[in-house]
Number of protein chains: 2
Amino acid sequence: MGDKNNAAYVTRFKDIIKNEHFLFGIGDISKATGVSQRKLRYWEERGYIHPENSSDEGQHRKYSHFMFLKIAMIQSFLKEGYTLSAAVQKTNEHHKLGKAVFGFVKERLQNFTFVPGGYEIDLGEVNDTQGKHIYALIRSNKKTELFLK
Amino acid sequence: MGDKNNAAYVTRFKDIIKNEHFLFGIGDISKATGVSQRKLRYWEERGYIHPENSSDEGQHRKYSHFMFLKIAMIQSFLKEGYTLSAAVQKTNEHHKLGKAVFGFVKERLQNFTFVPGGYEIDLGEVNDTQGKHIYALIRSNKKTELFLK
DNA sequence: ACATCTTTGTCAAATTATTTGACAATTAAA
DNA sequence: TTTAATTGTCAAATAATTTGACAAAGATGT
């Protein structure tokens, strides 16, 4: 159980991560994924990826986090020997996984308590457990533990 | 239980999110947080925030996701009426929460199953439950549910 | 083996975004 | 009211990206 201050902090934190909408320049994506800018423009030309730009937001390509994950995934399959179009197909099979995974934590973060070396995070109620919540105990240099309370 | 293909996908996905290291330009941060570039440079001057640059990575300021969260949090406190130094202090109280929260999901993602409208994600074993795992059922337009299996 | 197609690299000229330094304007504190 | 802190604006310079073009490399098909 976090105290009142932590609840406010979490509310603020949740608002930020829930609404975070950041974009990367092509150079940033290239460096972060190891895919050259030339490749990125070609993939765009082929219709595999899309920058996210509105007309009032500058003339440079800007990519979302979702697109970053997609690009990294395509690259990963390419490295495995897949052809480009196959890599794109494999990537698209679960193109919503990233949204789901990160969306999960953004939705489920209820509260947190500061503990020695880290945090205990309340992820909310678990079905069929008489109202028990699942907590993640996250400490530096230790494997995260999950427990019910 | 995901099948063999999904386990490989998750491994790849985990590798990407675990090692993701992306950086934002100052314009991107400014747009994403609503904090002007002038302000960001002033906060840097004051020692409150730091771009992350190595000498071989260009001359423009580049900020990490962690720094993005910090900046957004400071802005949030400022909007609440705190002085800049107080906002920074409040933000620094839990400067590791972001790392903990996102680190949790990166560490704990075990596997996933595609279900109608979304995914069922296995987050691994829960203490004192005879080896049961906690699953998140994430579907579009539905609240995420957690259950033990 | 050769021809064709796809993909990636390189480069120049132009454009856009960021930098620094400086000063002004606004806001907050004493 | 004065002083200090914070933010806005601007010019000149520099860095990063754009587009178009062509070359080079790699893959595919006959």
Side-chain angles (χ1 to χ4, degrees), chain A residues 21-65 67-68 70-92, chain B residues 21-65 67-68 70-92:
Chain A
H21 182 60
F22 43 71
L23 299 171
F24 307 97
I26 192 167
D28 300 321
I29 289 277
S30 181
K31 286 190 180 69
T33 60
V35 181
S36 72
Q37 295 186 18
R38 185 68 192 81
K39 278 179 143 189
L40 291 169
R41 288 193 196 98
Y42 180 73
W43 292 2
E44 178 190 333
E45 199 179 291
R46 301 286 311 194
Y48 297 140
I49 63 173
H50 310 275
E52 181 173 319
N53 291 74
S54 60
S55 52
D56 56 329
E57 279 185 321
Q59 302 295 107
H60 289 193
R61 289 169 174 78
K62 294 295 175 185
Y63 301 92
S64 67
H65 184 228
M67 199 54 62
F68 159 77
K70 185 175 179 178
I71 288 161
M73 199 55 121
I74 292 172
Q75 175 77 333
S76 183
F77 279 114
L78 282 180
K79 276 187 177 167
E80 195 77 7
Y82 286 81
T83 61
L84 178 56
S85 63
V88 172
Q89 260 188 318
K90 296 294 293 187
T91 297
N92 286 341
Chain B
H21 183 59
F22 43 70
L23 299 170
F24 306 97
I26 193 169
D28 299 320
I29 290 275
S30 182
K31 287 191 180 67
T33 60
V35 180
S36 73
Q37 295 185 20
R38 185 66 191 86
K39 280 180 141 186
L40 290 169
R41 289 192 196 97
Y42 180 75
W43 293 1
E44 177 190 336
E45 196 180 293
R46 301 284 312 193
Y48 298 139
I49 63 173
H50 310 275
E52 181 172 323
N53 292 73
S54 63
S55 55
D56 57 328
E57 280 186 319
Q59 303 295 103
H60 290 191
R61 287 170 176 79
K62 293 296 175 187
Y63 301 93
S64 67
H65 183 229
M67 198 54 63
F68 159 77
K70 186 174 175 177
I71 289 161
M73 199 53 122
I74 292 172
Q75 175 78 333
S76 184
F77 278 115
L78 282 180
K79 276 187 176 166
E80 194 80 4
Y82 285 83
T83 63
L84 178 55
S85 62
V88 171
Q89 258 187 320
K90 296 292 293 185
T91 297
N92 285 340

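Note that these values count all heavy atoms, side chains included, but never hydrogens, waters or copies made by symmetry. Numbers restart at 1 for each chain; the letters A, B, ... are given by sequence-line order, proteins then strands.
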Would you kindly give the [atom1]-to-[atom2] distance between [X] and [N], to the nearest whole Å?
X       : N      : atom1 : atom2 : result
B/Ile29 : C/dT18 : CD1   : P     : 11 Å
B/Lys39 : C/dT26 : NZ    : P     : 16 Å
A/Ile26 : D/dA15 : CD1   : C1'   : 16 Å
A/His60 : D/dA15 : NE2   : P     : 15 Å
B/Tyr42 : C/dT26 : OH    : P     : 18 Å
A/Leu78 : C/dT7  : CG    : P     : 10 Å
A/Leu84 : C/dC5  : CG    : C1'   : 14 Å
B/Gln37 : D/dT6  : CD    : C1'   : 17 Å

Counting just side-chain N and O atoms, does [X] come under 4.0 Å of either OP1 or OP2 of [N]?
X       : N      : value
B/Arg38 : D/dT6  : no
B/Thr83 : C/dA28 : no
B/Trp43 : D/dT7  : yes
B/Arg61 : C/dT18 : no
A/Gln59 : C/dA17 : no

Interatomic spacing from CH2 in A/Trp43 to OH in A/Tyr48 - rounded to 0.5 Å: 10.5 Å

Pairwise distance CD1(B/Ile26) to NZ(B/Lys31) - rounded to 0.5 angstrom: 11.0 Å

Parallel, tilted or perpendicular: rings of A/Phe68 and A/Phe24 (30°, 60°):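 The arrangement is tilted - the two ring planes meet at 30° to 60°.
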
Sugar-phosphate only, base, or nothing, as touched by A/Arg46 at under 4.0 Å among non-hydrogen atoms: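 Answer is sugar-phosphate: A/Arg46 comes under 4.0 Å of backbone atoms only.
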
Side-chain touch A/Tyr82/A/Gln89, heavy atoms, less than 4.5 angstrom: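 No; the side chains remain at least 4.5 Å from each other.
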
Validation row: A/Ile74, A/Val35 side chains within 4.5 angstrom (heavy atoms):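 In short, these two side chains do not touch, never coming nearer than 4.5 Å.
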
